[in-house]
Asker: 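Dropping a structure here in structure tokens format, bear with me for questions.
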2 protein chains.
Amino acid sequence: MAATTSKGQRIRQQIVEAANTLFYQRGYNQTSFSDIAAAAGIPRGNFYYHFRSKDQILEAVIEFRLLSIEGMLQEWDDSIERPAGRLKRYVKILLNEEQDMLRYGCPMGSLNLELAKTRLALQSRAAAMFELFRTWLSRQFRLMGCGERADEHALHLLAVMQGAALLGAVYKDAGFLRREAARLEDWIDSVRGQ
Amino acid sequence: MAATTSKGQRIRQQIVEAANTLFYQRGYNQTSFSDIAAAAGIPRGNFYYHFRSKDQILEAVIEFRLLSIEGMLQEWDDSIERPAGRLKRYVKILLNEEQDMLRYGCPMGSLNLELAKTRLALQSRAAAMFELFRTWLSRQFRLMGCGERADEHALHLLAVMQGAALLGAVYKDAGFLRREAARLEDWIDSVRGQ
DNA sequence: GTCTATATATTGATAGAC
DNA sequence: GTCTATCAATATATAGAC
């Protein structure tokens with residue numbers, strides 16, 4: 001890739017970011033080319049120059065999300081000293097993204113669940129987002145002294161977060177999200193050294 | 001409603017049950033009239049006699065599911081003596097429906113999450129399925145002596161079950177479902193009288 | 001590289017014969 | 001009540017002018 005960003009690459013990035021938002025808010029299947037083109041501010045027919053198919057846009061969106069997640073986790077590693085604090089920062093997503101969570105659920109969870117039904121091949125690629133969190137969470141639990149239970153704890157934390165986000169979207173209840181976040185913080189403290 | 005079941009009512013029920021399965025396996029948006037008609041074994045154009053729109057079929061499917069859930073909960077009440085046993089029977093869904101859970105996730109959760117994005121009015125009706133479980137779970141926790149924390153426990157149990165089902169569908173990992181089920185059984189015991 | 005025009009399939013939904 | 005034929009809208013995708 002060139003050091004400079006060409007106009008074509010800029011448009012491509014606009015498409016990816018517009019699609020990323022729409023796939024989250026409307027779902028993959030319910031987002032049309034027209035929707036993406038309108039949101040990205042380009043003519044409809046044009047972007048077959050940038051992407052051969054809708055599936056390719058999704059793959060680019062997944063890549064984009066993977067990079068975002070990696071950057072976020074790296075930032076947490078750099079700015080938060082202790083592993084328990086990092087885990088709690090992860091839990092805090094429920095509160096920071098409260099409005100979106102209540103409206104659309106978790107972007108990872110809802111995308112995976114949608115793709116699991118009819119687009120299994122794409123879902124396995126979307127699962128890589130979970131894998132990034134799982135590996136990172138697992139490492140934090142290991143640093144906390146959880147040893148071989150670290151990965152089990154990581155998966156459990158992922159699951160409870162997903163459940164909280166989903167039920168939040170069902171009931172549109174911010175108080176519930178906060179209670180689940182508080183409960184998880186207590187659990188993180190209780191799991192220390194186990 | 002008449003005591004006898006007319007042919008029209010039978011066909012209507014066939015449509016609802018076919019749609020119920022397809023909405024679960026493919027999702028609502030990804031299920032077409034053609035799909036339902038083929039699965040129900042009737043000509044495509046025909047069933048506008050039975051349902052005016054696709055949304056009406058979904059409403060009928062939700063009604064159907066609500067009745068199924070009510071029947072199931074009633075059966076558990078009748079056949080299981082102690083509230084802790086009833087709660088564990090609920091958790092056991094993860095194991096009994098293992099294959100479907102790993103493939104399609106939870107029927108309630110995935111439908112609600114899909115509808116939350118673009119069909120909010122229908123989602124609020126689908127949320128009634130959760131409400132049935134919530135009320136029932138809440139009652140069991142109250143019987144266990146959880147007092148005013150009963151409803152919080154009920155929501156938490158719902159959330160963890162949803163998270164387990166979702167992550168199961170992401171990772172297609174039966175072992176994970178079993179571990180989460182075991183963890184929830186322990187939690188039910190630990191929560192006694194709290 | 002960008003855009004207009006359009007192809008082709010499928011969607012939810014109707015009209016009307018039987 | 002049941003079915004065939006078909007509508008209008010929308011979807012993904014392409015061809016080709018500029």
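Side chains are part of it too, since the values below use all heavy atoms of this structure and drop only hydrogens, waters and symmetry mates. Reminder, nothing fancy here: chain letters follow the sequence lines and each chain counts from 1. Source: prediction; values computed, not measured.
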Asker: Hey, does B/Lys117 have a side-chain heavy atom less than 4.5 Å from the side chain of A/Gln30?
Answerer: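 Counting from C-beta outward, A/Gln30 and B/Lys117 never come under 4.5 Å.
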
Asker: Please state how far atom CD in A/Gln9 lies from atom P in C/dT2, giving the value in whole angstrom units.
Answerer: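 That distance rounds to 11 Å.
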
Asker: Between P on D/dA13 and CZ on A/Phe47, what's the gap in Å once rounded to a whole number?
Answerer: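 After rounding, the reported distance stands at 9 Å.
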
Asker: In dot-bracket notation, what is the pairing pattern of DNA chain D, taking Watson-Crick (N1-N3 plus N6-O4 or O6-N4) and G-U wobble (N1-O2 and O6-N3) contacts under 3.5 Å, with [ ] crossing and | for other strands?
Answerer: ||||||||||||||||||

Asker: Can you tell me how far C1' of D/dA13 sits from OH of A/Tyr49, to the nearest Å?
Answerer: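 From A/Tyr49 OH to D/dA13 C1': 18 Å.
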
Asker: Quick one: sort the B/Phe23 and B/Tyr28 rings into parallel, tilted or perpendicular, breaks at 30° and 60°.
Answerer: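 Rings of B/Phe23 and B/Tyr28: perpendicular, as their planes differ by over 60°.
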
Asker: Heavy atoms under 4.0 Å is the rule here; annotate nucleotides 12-18 of chain C 5' to 3' with B where the base is hit, S where only the sugar-phosphate is, and - elsewhere.
Answerer: BBB----

Asker: Does a side-chain N or O from A/His50 land closer than 4.0 Å to OP1 or OP2 of C/dG1, or not?
Answerer: no

Asker: When the distance from CZ of B/Arg10 to C1' of D/dT2 is rounded to whole Å, what number comes out?
Answerer: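 Value for this atom pair: 14 Å.
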
Asker: What pairs of residues pass the side-chain hydrogen bond (donor to acceptor under 3.5 Å, both in side chains) test when at least one of them lies in residues 160-172 of chain A, not counting sequence neighbours?
Answerer: A/Tyr171-B/Glu131

Asker: Taking CD from A/Gln30 and C1' from D/dA9, how many angstroms apart are they, rounded to a whole number?
Answerer: 15 Å

Asker: Verify, without hydrogens or angle tests, whether B/Gln123 (side chain) and A/Val170 (backbone) share a donor-acceptor contact under 3.5 angstrom.
Answerer: yes

Asker: Rounded to whole Å, how long is the line connecting atom CZ of A/Arg119 with atom P of D/dT12?
Answerer: 11 Å

Asker: Rounded to whole angstroms, how far apart are CD1 on B/Ile42 and P on D/dC3?
Answerer: 8 Å

Asker: Shortest non-hydrogen contact from B/Asn29 to B/Glu114?
Answerer: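 Closest pair (atom of B/Asn29, atom of B/Glu114, distance): N-OE2, 2.8 Å.
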
Asker: Clusters formed by hydrophobic residues whose side-chain heavy atoms approach within less than 4.5 Å: which one holds A/Tyr104, and what are its other members?
Answerer: A/Tyr24

Asker: Between B/His153 and B/Phe141, what is the ring plane arrangement, given parallel below 30°, perpendicular above 60°, and tilted in between?
Answerer: tilted

Asker: Can you pull the side-chain hydrogen bond (donor to acceptor under 3.5 Å, both in side chains) pairs that have at least one residue in residues 31-44 of chain A, sequence neighbours excluded?
Answerer: A/Arg26-A/Asp35, A/Ser32-A/Asp35

Asker: Test: ring-ring contact (aromatic ring centres under 6.0 Å, His included). Region: residues 55-77 of chain B. Which pairs qualify, not counting sequence neighbours?
Answerer: B/Trp76-B/Trp136

Asker: Whole angstroms only, please: what is the CZ-C1' distance between A/Phe51 and D/dA11?
Answerer: 19 Å

